[in-house]
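The structure under discussion appears below in the form of structure tokens.
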There are 2 protein chains.
Amino acid sequence: MTPPKTIEALRASVLENYDSLSKRLQQIAKYVLDEPNDFALETVAVLADRCGVQPSAIVRFAKSFGFDGASQMQKLFRDDLLAGQSSLGYAERIRQFKDEVGKAKVTGPMQILSEFVDSNILALGHLREDISERDLNEVIKFISDSENVYVAGFGRAFPIASYFAYALSRLNKRTFFIDGVGAYYHSYNRSMTSRDLMIAVSFPPYSPETLETVAGAAEKKCKIVTISDSRVNPLSTHASVALTVKDGEVRQFRSLSVSMCLAQSIVIGYAFQNPKDIASD
Amino acid sequence: MTPPKTIEALRASVLENYDSLSKRLQQIAKYVLDEPNDFALETVAVLADRCGVQPSAIVRFAKSFGFDGASQMQKLFRDDLLAGQSSLGYAERIRQFKDEVGKAKVTGPMQILSEFVDSNILALGHLREDISERDLNEVIKFISDSENVYVAGFGRAFPIASYFAYALSRLNKRTFFIDGVGAYYHSYNRSMTSRDLMIAVSFPPYSPETLETVAGAAEKKCKIVTISDSRVNPLSTHASVALTVKDGEVRQFRSLSVSMCLAQSIVIGYAFQNPKDIASD
DNA sequence: CTAATATTGAAAAATATATTCCAACTCCGA
DNA sequence: TCGGAGTTGGAATATATTTTTCAATATTAG
């Protein structure tokens with residue numbers, strides 16, 4: 001017998017077969033339908049207690065619906081709990097997804113492209129929930145209010161940073177891209193003021209250049225916005241707003257698509273609040 | 001020592017003491033902050049695995065924040081998970097969210113982010129179909145076979161090009177990024193040979209720099225791969241392989257997420273065919 | 001450089017949890 | 001009332017998970 005694959009399927013099955021269940025099993029069925037959360041989190045012992053039955057009855061119940069045991073049934077409830085908690089649970093889903101595709105052993109470039117596409121789609125879907133409206137608005141207000149914008153980002157973060165620099169200057173914002181050419185970046189700090197904004201993009205391993213630049217900017221009381229992929233990062237200490245992005249990932253390699261999407265949303269959001277500057281991208 | 005009573009208290013405490021934690025404990029701290037769900041549901045063993053530490057380290061972590069053990073700490077996360085799980089179903093919450101952003105003055109930044117996400121998801125889905133396996137394989141073979149790779153891309157294409165340059169050189173491929181600093185790009189042509197590859201990324205309006213660089217490379221019989229968003233573009237004349245990407249678009253503004261996804265797939269595809277060079281991304 | 005101190009990994013021990021088993025029980029039809 | 005199929009409780013067993021311990025390693029101060 002094959003077990004239900006989703007909570008809904010299980011519910012349906014329980015409802016349908018309810019009358020043919022034995023007394024104890026009906027007790028449990030009632031509880032399953034009423035308190036799915038308990039089933040996600042509690043041990044079979046306490047479940048049994050709450051239903052007023054023996055632990056073995058819980059196992060029997062699970063088996064009678066096609067599961068290997070109570071534990072396997074609990075997985076269903078846990079996954080569902082996580083799915084409902086989407087903004088928090090997507091890392092788990094990405095991992096689940098990775099496990100799935102991991103099984104398909106073929107590793108042609110097309111396969112990689114496909115995995116990358118899927119994982120980016122998943123990750124993009126959650127960007128909405130990971131970024132708060134308040135933060136987004138605040139960042140855009142910072143850009144609007146600042147005299148000059150400094151942008152820093154090295155290594156993997158460079159493409160994102162360079163987009164900011166390019167796009168903002170196209171929108172007639174005075175923007176300086178601290179690109180490390182000529183190890184010139186020290187001197188930027190000198191001219192920063194509290195009316196300026198620094199946008200720092202950085203992913204592990206955090207480059208010392210970015211750190212130094214941000215620290216320098218902080219000394220000058222420059223507003224600081226950081227974009228990173230973890231809440232804990234050496235930059236956020238100084239940040240006025242710290243945006244966190246979870247990018248897609250395929251076999252160790254993290255994507256930049258979602259970070260790029262965020263960067264562009266910020267720029268475009270800014271552009272629409274200052275329509276006179278829009279020329280064309 | 002008395003343990004935090006709420007997740008927020010715990011978070012605060014972790015953040016506050018982060019610097020004084022040992023290396024392993026910091027690893028765990030990061031994970032605690034970034035993936036609270038995992039801590040609610042997974043066993044100590046898998047948590048340890050995901051943090052890259054020993055199970056005992058997780059217990060130590062919990063104790064260092066005043067808990068009796070890891071299990072007690074997990075209770076906190078579980079309670080929180082349950083609390084956050086309002087009576088609303090998932091679908092309903094999404095709907096609510098959509099309504100919210102729908103109401104927000106039609107062009108709030110959050111609305112733009114949301115539209116951008118949607119359009120990128122759509123566009124990503126098409127990427128699979130727009131790129132042929134043959135082309136993808138050929139590009140990767142070009143990279144493998146070439147002595148040197150030259151990468152060019154200006155304006156909006158710059159972030160994509162810079163990613164290629166960064167990632168390929170990390171994989172120990174001899175890569176030259178023609179970045180236009182010092183209008184230096186003319187001279188690159190001189191050293192190109194038929195054993196080299198040029199990757200040119202360009203979107204309208206096609207920058208004369210890219211055009212000139214590509215033309216120069218063609219003269220030297222250099223292999224040429226172009227990435228663009230239209231089949232008809234001044235670059236493709238010279239191209240051995242011309243990849244075409246349709247990026248997402250929101251109110252005039254074209255995204256770069258899909259192009260970035262393609263770029264990364266190429267690089268990773270290359271990396272997997274030359275495994276010895278993979279260090280970390 | 002050395003010694004004291006702290007951190008870490010690995011595995012053993014303790015604990016908790018799930019599952020199986022079987023004797024006792026219930027229910028029903030003959 | 002009897003017999004048997006199906007159900008149940010609870011103990012026994014198997015499994016899994018967490019916690020402790022300790023030797024090895026790394027870090028720090030003198």
Side-chain angles (χ1 to χ4, degrees), chain A residues 1-4 10 14 17-32 35-79 81 92 99 232, chain B residues 1-4 10 13-14 17-32 35-79 81:
Chain A
M1 189 180 177
T2 156
L10 175 58
V14 170
N17 303 22
Y18 185 84
D19 291 328
S20 64
L21 293 175
S22 76
K23 194 158 59 169
R24 283 304 109 94
L25 261 35
Q26 286 188 348
Q27 267 176 266
I28 298 170
K30 227 188 269 184
Y31 201 74
V32 166
E35 308 288 349
N37 287 343
D38 279 13
F39 266 81
L41 296 181
E42 305 293 348
T43 67
V44 302
V46 347
L47 254 26
D49 191 57
R50 294 202 179 146
C51 299
V53 302
Q54 288 291 321
S56 46
I58 305 277
V59 175
R60 277 198 281 268
F61 178 87
K63 289 196 170 180
S64 80
F65 284 94
F67 297 98
D68 274 359
S71 308
Q72 200 188 81
M73 185 173 72
Q74 281 194 300
K75 274 206 203 96
L76 215 56
F77 285 96
R78 293 188 172 196
D79 288 352
L81 191 59
E92 176 66 17
D99 289 349
V232 190
Chain B
M1 189 179 177
T2 156
L10 175 58
S13 179
V14 170
N17 301 33
Y18 185 82
D19 290 329
S20 64
L21 294 175
S22 77
K23 196 159 52 165
R24 281 306 107 93
L25 262 34
Q26 286 187 350
Q27 270 175 263
I28 298 168
K30 219 159 137 164
Y31 202 74
V32 166
E35 312 289 353
N37 284 347
D38 280 15
F39 268 80
L41 295 182
E42 303 293 348
T43 68
V44 174
V46 347
L47 254 24
D49 191 57
R50 290 190 183 159
C51 299
V53 303
Q54 290 289 321
S56 46
I58 306 274
V59 176
R60 279 197 280 265
F61 178 88
K63 291 197 170 178
S64 81
F65 283 94
F67 298 98
D68 275 357
S71 309
Q72 199 188 82
M73 184 171 76
Q74 282 194 301
K75 275 206 203 96
L76 215 56
F77 284 97
R78 294 189 171 196
D79 290 351
L81 190 59

Give the nucleotide from the list D:dG9, D:dT7, C:dT8 with an atom nearest to the side chain of B:S22. C:dT8

Test your reading of the model: is there a side-chain donor-acceptor pair from B:S13 to the backbone of B:L10, 3.5 Å cut-off? no

Rounded distance (Å) that lies between atom P of D:dA16 and atom CD of A:Q74: 14 Å

Report yes or no: does A:Q26 contribute a side-chain atom to a donor-acceptor pair with the main-chain N or O of A:Y18 at less than 3.5 Å? yes

For a quick test of reading the model: is some side-chain N or O of A:S56 closer than 4.0 Å to OP1 or OP2 of D:dT8? no

Rounded to whole Å, CG of A:L21 lies from P of D:dG6 at a distance of 15 Å

Given that B:V46 and B:K23 both sit by DNA chain D, which one's nearest nucleotide is further toward the 5' end? B:V46

Is there a donor-acceptor contact under 3.5 Å from the side chain of B:R78 to the main chain of A:L41? yes

Gap between atoms CZ and P, on A:F67 and C:dA18 respectively (whole Å): 15 Å

Rounded off to whole Å, could you give me the NZ-to-P distance for the A:K75 and C:dA18 pair? 13 Å

Report yes if at least one side-chain N or O of B:Q54 is closer than 4.0 Å to OP1 or OP2 of C:dA10; otherwise report no. yes

Is a side-chain donor or acceptor of B:Q72 paired with a backbone partner of B:F67 at a separation under 3.5 angstrom? no

Any side-chain N or O of B:S71 less than 4.0 Å from the OP1 or OP2 oxygen of D:dT19? yes

Taking D:dT20, C:dT19, D:dT17 as options, the one with an atom nearest any side-chain atom of B:T43 is D:dT17

Just how far, in rounded Å, is P of D:dG9 from CZ of A:R60? 8 Å

Whole Å only: how far is the NZ atom of B:K63 from the P atom of D:dT19? 7 Å

Can you check the B:L47 CG to D:dT18 C1' distance for me, whole Å? 12 Å

Starting at CG of B:D49 and ending at C1' of C:dG9, how long is that distance when rounded to a whole Å? 14 Å

Let's see if you can work this out: which of D:dT17, D:dT19, C:dT19 has an atom nearest to the side-chain heavy atoms of A:P55? C:dT19

Would you mind checking if A:E42 and A:R50 are paired as a salt bridge, meaning a charged N to carboxylate O distance below 4.0 Å? yes

